[in-house]
Amino acid sequence: MGGIEQARKTAEALEHSAGFGNQHSSEAVAGALPHGRNSPQRAPLGLYAEQLSGSAFTEPRAHNRRSWLYRIRPSAAHPPFVRIGNGAIRTAPFTDSVPDPNRLRWDPLPEPAAGTDFLAGLWTLGGNGDATQRTGMAVHLYHADSSMTDRVFSDSDGELLIVPERGGLLLRTELGLLRAEPGHVALIPRGVRFRVELLDPTARGYVCENYGQPFTLPDLGPIGANGLANARDFLAPVAAYEDDDRPVEVINKFCGNLWSATYDHSPLDVVAWHGNHTPYVYDLHRFNVIGSISYDHPDPSIFTVLTSPSDTPGLAGVDFVVFAPRWLVGEDTFRPPYFHRNVMSEYMGLIEGAYDAKTAGKGGFVPGGGSLHNMMSAHGPDRETFDRASEAELKPQKIDDGLAFMFETRWPVTATEQAAGAGHLQHGYDDVWQGLSRNFRP
């Protein structure tokens, strides 16, 4: 337990810089950050200046993502990368199976084998698009019982939105440290190197790998200037570095495959940095829920935390949506989510408690599990929920016993072969809608 105790002690002492999309700046050693220029003839303290670009140089200023890093050794100083096995990680385009119009649901991943760290415990459920064209997304799950030691990971294919469900994580990134507990989300930008240490004996959760445009806050439109996820609640790390001359394996996910190189030093050696291509963490319980105070259940888009825009306004490559604690007060209203078919495809997961439109417990929708409702597949409340909500007394009701989320995407999600044949796939998911009998009485 010594490693976990030390990681938790470190996590509890972290400082942050607040704000979404900000031009943050931070230095772990006074004087390490140059002023008035990004790349002086000699960077302070004998450091190397290096720019990490998450967008093309010529993208509009509002969309440009980049950070300047001041590090002990430049990233260019490394040996060649060589291919290694991909484990259970898969990448779009997904060609080992075909898109399935059926509604699918999975139990949580089984317990990990001893010695499984975050990277080894990544398991791809499905996705869409093409990582080489920087379009689409993938849904991964993870389970782990060990911290990553002597190796770090970076993803050239996309940014990683990590959604812990069980067990806290300490994320050691090039730009500093973040703590992500269940109920938080953490984002690692494309190309940023990081290591995951466990804050509890085991960890489990979800990952959205976004190949497309970086996640941003949705426009608020008629809502006005405030609401949903507030920019001030997103926390970026402050600079923290490792000055460690020991062998470290650096694993890079590139065009769907894992590549490895052994450095003679830790690449998490950034002493100072400034910019907006930064990791961050956000507490989902801070989401300012907007809802109906008259009648009808609002469309789930009202619960959008982050969105990855496409070339069509309002049509997201992927939205991240949260169903956070909230009051239901609609009059003459069926209060759970309504029956519907959607041009978008929805993967839903559960972080804690129960979801108000689905039955919980064994064989139901449980924390760590997930459901996939692809484009135009009919779904909605199960029979038990429908019966209960149709007869409920419509007094003000607080929904505070669950935290669910959704990855919603413009393209169908193709389940991987390993997901379609998984032992934890729930057979007979369609049965939850059986018994919705004919009530028509002309």
Side-chain angles (χ1 to χ4, degrees), residues 87-92 104-112 116-128 136-144 153 155 157-169 171 178 180-188 194 196 198-200 202-211 215 253 279-285 287 300 303-306 308 317-324 345-355 358 365-373 402-409 413 415-416 418-419 422 424-426:
I89 298 173
R90 303 291 181 267
T91 302
L104 303 172
R105 189 161 70 184
W106 291 264
D107 289 326
L109 284 177
E111 294 301 313
T116 301
D117 65 18
F118 173 85
L119 181 55
L122 279 175
W123 184 89
T124 307
L125 182 138
N128 57 36
M137 53 84 74
V139 178
H140 309 282
L141 306 179
Y142 71 86
H143 57 179
F153 178 54
D155 192 337
D157 292 339
E159 61 183 0
L160 299 174
L161 184 69
I162 302 171
V163 186
E165 176 266 323
R166 184 177 72 184
L169 307 177
L171 306 173
L178 291 172
E181 299 277 2
H184 298 166
V185 293
L187 186 129
I188 305 295
F194 68 102
V196 179
L198 303 195
L199 300 178
D200 295 285
T202 61
R204 190 172 68 188
Y206 310 83
V207 178
C208 178
E209 184 181 18
N210 175 25
Y211 309 135
F215 277 118
K253 184 174 182 289
Y280 54 78
V281 66
Y282 173 74
D283 184 349
L284 295 172
H285 295 93
F287 187 76
F303 305 128
T304 301
V305 182
L306 296 165
S308 171
V318 57
D319 284 328
F320 175 62
V321 177
V322 66
F323 302 97
S345 296
E346 305 171 0
Y347 174 82
M348 178 171 279
L350 186 60
I351 300 169
E352 61 186 45
Y355 178 57
K358 291 290 186 290
F365 187 48
V366 297
S371 63
L372 175 61
H373 300 150
L403 188 63
F405 72 89
M406 186 165 63
F407 301 145
E408 186 176 68
T409 172
V413 172
T416 58
Q418 64 190 9
H424 58 287
L425 176 68
Q426 293 185 4

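Sequence positions, counted from 1, serve as the residue numbers for this chain. Predicted model only: the values in this text are computed from it and were never measured.
Here the side chain of Tyr206 pairs a donor or acceptor atom with the backbone of Leu350 at under 3.5 angstrom. Remark: the backbone N or O of Pro182 is not paired with any side-chain donor or acceptor of Glu352 at under 3.5 angstrom. One N or O on the side chain of Thr416 and one on the backbone of Thr124 form a donor-acceptor pair closer than 3.5 Å. Between the side chain of Glu209 and the main chain of Val139, no donor-acceptor pair closer than 3.5 Å is present. When atom types are taken as modelled, the side chain of His184 and the backbone of Pro164 share no donor-acceptor pair closer than 3.5 angstrom. Side-chain N or O atoms of Trp106 include none that pairs as donor or acceptor with a backbone N or O of Gln426 at under 3.5 Å. Between the side chain of Asp200 and the main chain of Gly168, a donor-acceptor pair closer than 3.5 Å is present. Between the side chain of Asp117 and the backbone N or O of Leu119 there is at least one donor-acceptor pair closer than 3.5 Å.
Atoms CG and CG, from Leu161 and Leu187 in turn, are 5.5 Å apart once rounded to the nearest 0.5 Å. A distance of 11.5 Å separates CG in Asn210 from CG in Asp157, rounded to the nearest 0.5 Å. If you take CG on Leu306 and CD on Glu159, they are separated by 8.5 Å, rounding to the nearest 0.5 Å. Interatomic distance, CE of Met137 versus CZ of Phe407, reported as 6.5 Å (0.5 Å rounding). A distance of 8.0 Å separates CD of Glu165 from OH of Tyr142, quoted to the nearest 0.5 Å. Atom CD1 in Ile89 sits 4.5 Å away from atom CG in Leu122 (nearest 0.5 Å).
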Run the side-chain hydrogen bond (donor to acceptor under 3.5 Å, both in side chains) check on Asn128 and Thr409 step by step: do they pass? CA-CA 9 Å; Asn128 57 36; Thr409 172; 3.0 Å; yes

Just do the side chain to side chain contact (heavy atoms under 4.5 Å, CB included) check on Trp123 and His140 with the steps written out, would you? CA-CA 5 Å; Trp123 184 89; His140 309 282; over 6 Å; no

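Taking the six-membered ring for Trp and the full ring otherwise, Phe194 and Phe153 have centroids separated by under 6.0 Å. Between Phe323 and Tyr355, the ring center distance clears the sub-6.0 Å criterion.
Side-chain contact between Leu284 and Leu403: present, with at least one pair of heavy atoms (C-beta onward) separated by less than 4.5 Å. Between Pro108 and His424 the shortest side-chain heavy-atom distance does not fall below 4.5 Å. With a 4.5 Å cut-off on side-chain heavy atoms, Glu408 and Tyr347 do not count as touching. Side-chain contact between Lys253 and Thr91: present, with at least one pair of heavy atoms (C-beta onward) separated by less than 4.5 Å. Side-chain atoms of Phe405 and Val305, non-hydrogen and from C-beta on, never get closer than 4.5 Å to each other. For the pair Ile162 and Ile188, the minimum side-chain heavy-atom distance is below 4.5 Å. Using a 4.5 Å cut-off on side-chain heavy atoms (C-beta onward), Val163 and Val207 make no contact. Between Tyr211 and Ser308, the closest side-chain pair of non-hydrogen atoms is not below 4.5 Å.
Annotation for Leu171 and Ala186: closest pair CD1-CB, 3.5 Å, computed over non-hydrogen atoms. Taking each heavy atom of Ile351 and Pro367 in turn, the nearest pair found is O-CB, 3.9 Å.
Under the ring pair (Phe, Tyr, Trp, His ring centres under 6.0 Å) criterion, Tyr280 pairs with Phe20, Phe234, sequence neighbours left out. Partners of His373 by side chain to side chain donor-acceptor pair (under 3.5 Å), not counting sequence neighbours, listed by chain and number: Tyr429.
With respect to the salt-bridge test (charged N to carboxylate O, under 4.0 angstrom), the residues Glu111 and Arg166 qualify.
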